[in-house]
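My questions will all concern the structure given below.
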Number of protein chains: 2
Amino acid sequence: MADGTSAATKRQEGQVPDIVIGRLPLYLRTLILLEKEGKEVTSSQELGKQLGISSAQIRKDLSHFGEFGKQGTGYAVSYLKGQLKEILNLDEVWSVALIGFGDLGHALVHYNRFSERRFNIELIFDADPDKIGHVINGIIIQNAEKIEEIIKAKGIKIAILAVPIEVAQTVTDKLVNAGVRAILNYAPITLKNIPQDVKVQTIDPIAHLQKMTYYLG
Amino acid sequence: MADGTSAATKRQEGQVPDIVIGRLPLYLRTLILLEKEGKEVTSSQELGKQLGISSAQIRKDLSHFGEFGKQGTGYAVSYLKGQLKEILNLDEVWSVALIGFGDLGHALVHYNRFSERRFNIELIFDADPDKIGHVINGIIIQNAEKIEEIIKAKGIKIAILAVPIEVAQTVTDKLVNAGVRAILNYAPITLKNIPQDVKVQTIDPIAHLQKMTYYLG
DNA sequence: TAGATTGTTAATCGATTAACAATC
DNA sequence: TAGATTGTTAATCGATTAACAATC
């Protein structure tokens with residue numbers, strides 16, 4: 001994530017590194033898994049083994065936010081899970097706008113894990129007149145021209161961008177303008193003109209594959 | 001990513017950091033974009049601006065592999081693109097096996113960028129008897145029980161894992177056993193028992209969203 | 001208690017940036 | 001030439017790891 005930290009916006013005392021924030025969801029994911037397996041207590045060592053990282057790193061990461069464990073015994077799974085959820089602002093249900101209803105958009109709408117994790121896709125937009133008006137999972141596909149108007153009206157802060165490359169930047173400008181603060185970007189392009197308080201995460205499967213083929217030489 | 005490489009490497013002065021390898025596909029992506037725009041020459045500054053990273057970092061990254069630019073003028077777009085493709089082993093067509101033909105698998109098969117970038121999905125597997133035997137894009141959906149047999153026979157090195165969490169590890173074991181060396185994993189779980197020479201990249205959209213909600217507090 | 005594990009400090013390791021001679 | 005930009009070195013910055021006192 002480009003956090004746009006410049007000399008003028010030096011990391012303030014007590015601010016947690018972005019790379020640490022990125023690991024918290026993995027810790028949470030693992031705790032949920034352990035809980036499902038019936039584990040009530042865990043340790044930095046066990047978590048580390050599950051995730052393939054060191055126990056020291058986990059303890060260090062958590063120490064940015066407080067003390068959650070007990071010497072000699074470790075962490076109560078349910079408690080730590082709750083604390084991480086709170087830290088990550090996951091106690092509320094987040095409304096999400098999906099932009100683009102092609103194959104990917106279709107798959108995302110049917111991906112149950114979004115709602116399981118309390119990300120509710122509440123709006124769908126597309127530019128194709130043949131799609132506009134159709135109802136998917138009780139959601140009407142809206143005209144992409146109304147993105148700003150409707151998102152602003154609903155106060156939605158999170159958008160999933162699943163549009164073709166060519167329109168990704170234009171749509172992004174609209175989303176930012178509509179007050180969106182987090183964009184999950186599936187277009188394989190670096191989005192520009194992102195204000196400091198708007199976060200972007202780009203998912204590009206091709207980039208992942210190409211990173212791996214390097215090692216297949 | 002573990003660097004599982006023998007002493008007999010192509011590069012004498014040691015290993016290129018994995019984090020650098022991860023940026024090469026982004027450089028390539030940007031060069032392709034610039035080429036499409038008709039640009040014949042670019043610079044580390046321009047590339048950096050496009051990607052939101054420093055020009056120094058781009059020059060440093062490229063310097064691990066050789067000298068590709070000219071002082072005063074910069075880089076020939078087409079040439080640098082070709083060099084990066086070569087470095088990343090992208091001159092050949094890679095056959096890919098897709099495991100799991102749910103909504104996500106469906107979207108992936110229809111995602112043209114895979115074939116555009118020379119990743120050809122050649123095999124599809126699913127465990128559902130209702131799906132086995134159906135033909136998608138000229139590819140028969142095969143019984144998941146034949147994963148090892150068929151992948152081994154075809155010598156396929158890259159797999160995309162789009163199966164439910166519960167079976168992800170079991171399928172992974174089979175893939176590794178069948179000789180797969182790169183796994184693009186869409187199951188939100190850390191895969192275990194991965195040999196050093198097998199690479200895994202996990203894509204978890206929920207983790208990305210949760211990273212961003214931290215900042216929405 | 002004895003063993004285990006946390007939270008934290010200090011040391012190490014690695015990545016990024018700044019700066020500049022070389023040179024197109 | 002004058003301006004621009006590379007490739008590289010050294011300095012800086014930041015992240016990870018090791019180690020251990022505290023203590024459950």
Side-chain angles (χ1 to χ4, degrees), chain A residues 1-24 26-27 31 34 39-77 79-80 83-84 87 211, chain B residues 1-3 11-24 26-27 30-31 34 39-77 79-80 83-84 87 211:
Chain A
M1 185 183 301
D3 64 7
T5 304
S6 65
T9 29
K10 259 284 161 59
R11 167 167 295 133
Q12 281 158 13
E13 185 84 25
Q15 191 151 341
V16 181
D18 189 61
I19 198 164
V20 172
I21 305 303
R23 281 191 294 260
L24 299 186
L26 308 185
Y27 300 163
L31 288 163
L34 290 172
K39 279 246 156 101
E40 292 185 357
V41 172
T42 187
S43 65
S44 58
Q45 204 166 80
E46 183 174 45
L47 287 169
K49 206 174 171 189
Q50 288 278 334
L51 285 161
I53 61 183
S54 77
S55 61
Q57 179 160 82
I58 289 171
R59 294 198 301 280
K60 188 98 212 293
D61 285 355
L62 294 178
S63 76
H64 285 100
F65 303 95
E67 309 190 356
F68 307 107
K70 235 188 248 183
Q71 281 105 323
T73 56
Y75 304 92
V77 171
Y79 174 72
L80 183 53
Q83 292 294 298
L84 285 174
I87 291 165
K211 180 179 176 183
Chain B
M1 189 184 290
D3 67 15
R11 262 163 292 287
Q12 322 93 314
E13 46 178 274
Q15 203 63 37
V16 178
D18 188 63
I19 197 163
V20 172
I21 306 302
R23 281 190 293 261
L24 299 187
L26 308 185
Y27 300 163
T30 306
L31 287 164
L34 290 173
K39 279 246 155 97
E40 292 185 356
V41 171
T42 187
S43 65
S44 57
Q45 204 166 79
E46 183 175 43
L47 286 169
K49 206 173 172 189
Q50 287 278 337
L51 285 161
I53 62 184
S54 78
S55 63
Q57 181 160 83
I58 289 171
R59 294 199 301 280
K60 188 97 211 291
D61 284 356
L62 294 177
S63 76
H64 285 100
F65 303 96
E67 308 189 357
F68 307 107
K70 235 188 252 183
Q71 281 105 322
T73 55
Y75 304 92
V77 171
Y79 175 73
L80 183 53
Q83 292 294 300
L84 285 174
I87 291 166
K211 180 179 175 182

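To find a chain, count down the sequence lines: A is the first, B the second, and so on, and within it residues start at 1. No hydrogens, no waters, no symmetry mates; every other heavy atom, side chains included, goes into these values. Every value quoted in this text rests on a predicted model; they were computed, and no experiment measured them.
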Quiz prompt | Straight-line distance of A/L80 CG to A/S44 OG, nearest 0.5 Å | solution = 10.5 Å
Quiz prompt | Any A/R23 side-chain nitrogen or oxygen under 4.0 Å from OP1 or OP2 of D/dA15 | solution = no
Quiz item: If you look at every heavy atom in B/L26 and B/T30, which pair is closest and at what distance?
Solution: O-OG1, 2.8 Å
Quiz prompt | Interatomic distance, A/Y79 OH vs C/dT6 P [rounded to whole Å] | solution = 15 Å
Practice problem: Could you pull out all residues at least two apart from A/S63 that satisfy side-chain hydrogen bond (donor to acceptor under 3.5 Å, both in side chains)? | Solution: none
Quiz item: B/L62 CG to D/dT5 C1': how many Å, rounded?
Solution: 13 Å
Quiz prompt | Spatial distance of atom CD1 (A/I21) from atom CG (A/D61) [nearest 0.5 Å] | solution = 9.0 Å
Exercise. Could you pull out all residues at least two apart from A/Q83 that satisfy side-chain hydrogen bond (donor to acceptor under 3.5 Å, both in side chains)?
Key: none
Exercise. Check the distance between D/dT17's C1' and A/K60's NZ and give it to me in whole angstrom.
Key: 10 Å
Quiz prompt | Out of C/dT8, D/dG7, C/dT16, whichever nucleotide has its closest atom nearest the side chain of A/S63 | solution = C/dT8
Quiz prompt | Stepwise side-chain contact (heavy atoms from CB on, under 4.5 Å) test for B/V20 and B/H64 | solution = CA-CA 9 Å; B/V20 172; B/H64 285 100; 4.0 Å; yes
Quiz item: So what is the 5' to 3' dot-bracket string for DNA chain C, if pairs are Watson-Crick or G-U wobble with both distances under 3.5 Å, crossing pairs use [ ] and | means the partner sits on another strand?
Solution: ..||||||||||||||||||||||
Quiz item: For DNA chain C, whose closest nucleotide is more 5', that of B/D61 or that of A/Q45?
Solution: A/Q45
Quiz item: Toward the 5' end of DNA chain D, which comes first, A/I19 or A/G72, by nearest nucleotide?
Solution: A/I19
Could you list the donor-acceptor pairs under 3.5 angstrom formed between side-chain atoms of residues 67-77 of chain B and any protein atom two or more places apart in sequence or on another chain?
unit_1: B/T73; atom_1: OG1; unit_2: B/K70; atom_2: O; d: 3.4

Quiz item: Rounded to whole angstroms, how far apart are CD on B/Q15 and P on C/dC13?
Solution: 17 Å
Extract all donor-acceptor atom pairs below 3.5 Å that involve side chains of residues 45-53 of chain A and protein atoms in other chains or at least two apart in sequence.
unit_1: A/E46; atom_1: OE1; unit_2: A/T42; atom_2: OG1; d: 2.5
unit_1: A/E46; atom_1: OE2; unit_2: A/K39; atom_2: NZ; d: 2.7
unit_1: A/Q50; atom_1: OE1; unit_2: B/K192; atom_2: NZ; d: 3.3

Practice problem: Find the distance A/L47:CG to C/dG7:P and express it as a whole number of Å. | Solution: 12 Å
Quiz item: Hey, does the side chain of B/S44 come within less than 4.0 Å of D/dT5's phosphate (OP1/OP2), counting only N and O?
Solution: no
Practice problem: Nearest whole angstrom, please: distance from the C1' of D/dG3 to the NZ of B/K70. | Solution: 16 Å
Exercise. Residues of residues 49-59 of chain A with any non-hydrogen atom less than 4.0 angstrom from an atom of DNA chain C: list those, numerically ordered, please.
Key: A/R59
Quiz item: What's the OH-P distance between A/Y27 and C/dT6, to the nearest Å?
Solution: 12 Å
Quiz item: Can you tell me if the side-chain N/O atoms of A/Y75 get under 4.0 Å from OP1 or OP2 in C/dA4?
Solution: no
Quiz prompt | OH on B/Y27 to CG on B/L62, rounded to 0.5 Å | solution = 6.5 Å
Exercise. Can you tell me the distance, in whole Å, between the CD atom of B/Q71 and the P atom of D/dG7?
Key: 7 Å
